Amino acid sequence: MDILSWMDVALQKANESLKIGEVPVGCLFIYNSNVIAVGNNTVNKTHNATRHAEINCIDQVLEFCKTKNLDYKSVFYDIDVIVTVEPCIMCMSALCQLQVHNVIYGCRNDRFGGCISVFEVPKLYNSRTKIIGGTRGSEAMILLKEFYKGTNPNAPESKMKKNRKKKET
Amino acid sequence: MAITSPKDAKEGKVETAARSWIAKPILSSEFVDDPPLEDVYVGLIRKKKDISIAIQRVSSILPGFHHLKRCFSEKLLLAPVNCTELSTEREDSSGKERSLTEDKLRTVLRERGFDLSLLKDDFQMIKVPARAAKTKAQAMRLSNIWPLNFHPDVNVERLIDGSVFTEYQLGLIERYMNVAVQAARLGAVGNANCNGSAVIVDPEDGRILAIAASKIDQHPMWHAAMLAVDLVAKLQGGGAWEFEEKSTQKDTVASKTSKSIDQREAANRLTKETGIKRKCIEDTPLCYPTSLSKISLPKEESLECIVVRRGRRNNGSTKSEKIAATNAEKCGPYLCTGYWIFLLREPCPLCAMALLHSRVLRIFYGIPNENTGVLGSKTVLHAVPGLNHRYQVWSGVLEQECRQALQDIEHRNTN
Ligand SMILES: [Zn+2]
Ligand SMILES: [Zn+2]
C-alpha cells in the first residue's frame, strides 16, 4: 500500500474517534509494510490527557514485540508513523526518543505541534526521523473542525474551558 | 491558589529557616532579558513653554511610545526610524532597506498639521527601549536610557523576589521534594534524557496523590511524570497502563489499603456517571514502583490555606474557598488541574508536555536537565507562544540533595 491509502485508513480511524467523542486523530504504525498498530485518542476514556493516538500505538507496538519476542528498539527504528495530524510536542518527543524511521502527517497542529507548528522537538534529539507533512491534510482538518465547531470562541473564559475540556488534541 | 498579600508574606517570614536552596522561578526571556533598543527620531523643542502642546499634537498625529515618556529634557519622541507605516524604500550603502528618512518624517508631520516651528530645524536620532519593561529591575535599568511609563505587575514581582511563598510554604515544599528524592533513590531507572521521580500533590489539603520513579527499563515511556499522571488517572477512575511487577505475586499498583480496589471502582463509576472528580482519601498515594509505598510521608498540611489560617474565616467566603470551588468546576478529563508536582530533575519534552496536557498548576524541580530539559535548559516551554495552558515552574528546590541522588542513581545503574 502507498502512503495515500494508509492515510485513508488513518482518516477512517480519526472518524471513528470523532464518533465516540474523542479528538479525531488517527494513527498507524507501519513495520515491514504491515500495520502493527492502529490508534486514536482515548483521553476521555482513560481520564489521562496523555493518551494520544501515537502513545496508544507505541503501547501496541511494545505488546507486538513482546508476543513476537522482538527487540522493540530495532522494530521502532524501522517504523513509519502515519498520523492524520502533526504530532504534539509530547508525542513527537516520544517518537524521537524511539527513533522511528518516518513520521508522515496530514494537517498541522497549531495548538501543540511538535514538528514545526509550536516547537521543533526533533532539534533537541539530533533526530534521524524524517518528517513529511501535508498528506491529505485538508481531510484531517475537516474532521478537527467538525469536532471543535461546538466551541464558541467568544464564550466567557470558564465556559470556554468547560467546553474545551473534552476537545484537546 | 491562595495568594497572600505581600504583608502576609512578610509576616510569614518572621522565623527564617536556614535553607540550602532557593526556588528559582523559570520565566520566559522577556522577564529575564532587557528589551532591545531601537533608533528613533527626536525633535528638539525650541521653547520650554511649548512642551505640553507639542506632546499633545505629536501624540494625536503619531501615536505610539506608550511605554515611554513622550518628552524628556526638551527631546520629543517623533517616530521610530524603522517605522513600517511611514517608511519608504530607499537605497543606501548597505543595499535596500525600509526606513524613515528625516525629510519624509518632516513631510508627514507637516501634512498632518504639526507646527514644525515648535522644534529646532534638525532632528536627532537616539536609541530608546523598543518595548515596555516587564519587571522592576528592567525598568530601573531602562530608565537610565529614557524615562518610562511603567506599572509593575505585583504577581510577577512576587515571583521574582520570592515572596510568592511564605517560609511555611517553603518548608512544606522541601518536605515534598524530599519524598521525590527518596523515591528516586529507591526506584529510578532513567537515562541521560530523562531521569528521576515525580510526586503529585493536591495543594488544597497537601495530600500526596501519586509517587513514581522512572522505569524506562520496563517501558520506554515510563518516565516518572508519565507514570505519575497515569496513577492520578487511575485514582480517579481511569488510567491506561497495567502495572505489574515480576517480583511480587500479582501485585498491581501499590496503595495503602487493601480495600482500595473496590473504592477505586466505586470512584470509577461515580466519575463516569457524574463526570465529577471523586477522591478516595484512604487510597492515596498510588505508587509505582510499588516499593515506593514504604516511603514515610509528611503530615498532610494545606499548601495554600495560609489566608484562612490567619483568621479571616468570618469574611464570608475566603479566597481559597473560592479557588477550591473553581478547581472543582474545572475537573474533567484533565485530572491534574490545580495540582502541584515535584520532580527530581527538569523534565524532557515528553514529560513537560504531558504535564501541560494534564493541566498541572505548579512544577518544582531540583536540578536542570542540560540534555533535553525544556523548562529552563533548552527552552522555556511554558512561555512558548500559542500554548493554551501555562503552569508556573521553579527550579533549584533541594538542589544539592537532588543532585546527589541523581549521581547515586546513575552510578548504581551503570554498575
Ligand atoms: Zn500528542
Ligand atoms: Zn521525560
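We name chains A, B, ... by the order of the sequence lines, and we start the count at 1 in each one. Values in this document were obtained by computation on a predicted structure and should not be read as measured data.
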Report task. Just grab all the salt bridge (charged side-chain N to carboxylate O under 4.0 Å, His left out) pairs involving residues 73-101 of chain A, residues at least two apart or on different chains. Result ->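 Counting only pairs at least two positions apart or across chains, no salt bridge (charged side-chain N to carboxylate O under 4.0 Å, His left out) contact touches residues 73-101 of chain A.
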Requested in this report: Check each atom of A/Ile89 against the heavy atoms of chain B and say whether the ones under 4.5 Å are side chain, backbone, both or neither.
Outcome: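 Both backbone and side chain of A/Ile89 come within 4.5 Å of chain B.
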Query raised in the report: In terms of heavy-atom proximity below 4.5 Å to chain B, should A/Leu124 be classed as side chain, backbone, both, or neither?
Result: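 Both parts, backbone and side chain.
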Query raised in the report: So B/His389 and B/His357, ring-ring contact (aromatic ring centres under 6.0 Å, His included) or not? Walk me through it.
Result: CA-CA 8 Å; B/His389 172 75; B/His357 285 314; over 10 Å; no
Does any heavy atom of chain A fall under 4.5 Å from the side chain of [X], the backbone, both, or neither of them?
X	result
B/Asp230	both
B/Val384	side chain
B/Val374	side chain
B/Leu381	side chain

Query raised in the report: Of all of A/Ser93, A/Gly114, A/Ala94, which one pairs up most often with chain B through heavy atoms under 4.5 Å apart?
Result: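 Going by pairs under 4.5 Å, I would pick A/Ser93.
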Report task. Select, from A/Val118, A/Val121, A/Thr42, the one with the greatest count of heavy-atom pairs under 4.5 Å involving chain B. Result ->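 Going by pairs under 4.5 Å, I would pick A/Val118.
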**Report entry** Max heavy-atom pair count under 4.5 Å with chain A, selected residue of B/Ala352, B/Gly239, B/Cys351, B/Cys194
**Finding:**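 Heavy-atom pair counts peak at B/Gly239.
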Query raised in the report: Quick one: does NZ or CZ of A/Arg136 land under 6.0 Å from the six-membered ring centre of A/Trp6, within 45 degrees of the ring axis?
Result: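 No, A/Arg136 does not sit over the ring of A/Trp6.
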Query raised in the report: Any donor-acceptor pair under 3.5 Å linking the side chain of B/Tyr365 with the backbone of B/Leu375?
Result: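 Yes: the side chain of B/Tyr365 pairs with the backbone of B/Leu375.
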Requested in this report: Tell me whether the centres of the aromatic rings in A/Phe76 and A/His101 are closer together than 6.0 Å.
Outcome: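 Ring centroids of A/Phe76 and A/His101 are no less than 6.0 Å from each other.
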Query - Pairing of A/Lys13 and A/Glu16 as salt bridge, 4.0 angstrom limit - result: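 Judged by the 4.0 Å cut-off on N to carboxylate O distance, A/Lys13 and A/Glu16 do form a salt bridge.
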May I have the list of side-chain donor-acceptor pairs in residues 23-35 of chain A shorter than 3.5 Å, sequence neighbours left out?
from    : atom 1 : to      : atom 2 : distance (Å)
A/Asn34 : ND2    : A/Asn32 : O      : 3.4

